[in-house]
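Let me begin by presenting the structure, written as structure tokens, before commenting on it.
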Amino acid sequence: LQEMLGGPGRLRFIIQPLVAILLGIRDGRLDAKARRRPYVIAVLFVKEGRRAALRSGVATFIRPFAIAVLVDLILQFYVLARVRIWEAVVVGTALVAVPYVAARGLTNRLSR
């Protein structure tokens, strides 16, 4: 774990969440302009708009999420000489999905 946090590739802990936050801000502003509910509320609690909200979110952050997972897999192989896919998915979720969802919802609330 220590090798992955402090070794090569530690800049990803800044760049990947920053990209996700910027995408979330963009989409949150678009949601507010279209008078849509905040993203998390639309996905979790509103049945009629759930599918559209999920499609919108997945379409936006699938590439940054896939890149985050791929970068983690490459770094695992380079630093640790082994690959654990589940760990890469967890790291991708933490670095991209969580900041994106939080930024999108907060921006929608603040833009109204």
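Heavy-atom basis, side chains included; hydrogens, waters and symmetry copies ignored. It should be emphasised that the depicted structure is a prediction, and the values quoted were computed from it without experimental measurement.
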Grab the two heavy atoms, one from [X] and one from [Y], that are nearest each other, plus how far apart they are.
X   : Y    : answer
V69 : A88  : CG2-O, 3.6 Å
R29 : S111 : CG-OG, 3.9 Å
I21 : A103 : O-CB, 3.6 Å
A94 : P99  : O-CD, 3.4 Å

Hey, does [Y] have a side-chain heavy atom less than 4.5 Å from the side chain of [X]?
X   : Y    : value
R26 : T60  : yes
I41 : R109 : yes
V96 : P17  : no
V89 : F65  : yes

Can you hop from [X] to [Y] via hydrophobic side chains spaced under 4.5 Å?
X   : Y   : answer
F77 : I85 : yes
Y78 : L80 : yes
L73 : I15 : yes
L23 : F13 : yes
W86 : I67 : no

Margin query: Test of understanding: with ring pair (Phe, Tyr, Trp, His ring centres under 6.0 Å), list the residues that count as partners of Y39, not counting sequence neighbours.
Written below: none
Notebook entry, point to check: Given the rule in the side-chain contact (heavy atoms from CB on, under 4.5 Å) test, do V46 and E48 qualify, once you have shown the distances and angles that lead to the verdict?
Noted result: CA-CA 6 Å; V46 181; E48 58 272 358; 3.2 Å; yes
Next item on the list: With sequence neighbours excluded, tell me which residues meet salt bridge (Lys or Arg N to Asp or Glu O under 4.0 Å) with D27.
Entry: none
Next item on the list: List for me each residue that meets salt bridge (Lys or Arg N to Asp or Glu O under 4.0 Å) alongside R84, sequence neighbours excluded, and say none if there are none.
Entry: E87
Next item on the list: Please round to the nearest 0.5 Å and tell me the distance separating atom CG of L30 and atom CD1 of I25.
Entry: 12.0 Å
Note to self: Exactly one of V83, V91, L95 should register a side chain to side chain contact (heavy atoms under 4.5 Å, CB included) with D72. Which one does?
What the structure shows: V91
Check: Do you see a donor-acceptor pair shorter than 3.5 Å between the side chains of S56 and R51?
Finding: no
Notebook entry, point to check: Sub-3.5 Å donor-acceptor pair from the side chain of R50 to the main-chain atoms of L44, do we have one?
Noted result: yes
Notebook entry, point to check: Judged by atom type as modelled, is there a donor-acceptor pair below 3.5 Å linking the side chain of N108 to the main-chain atoms of R36?
Noted result: yes
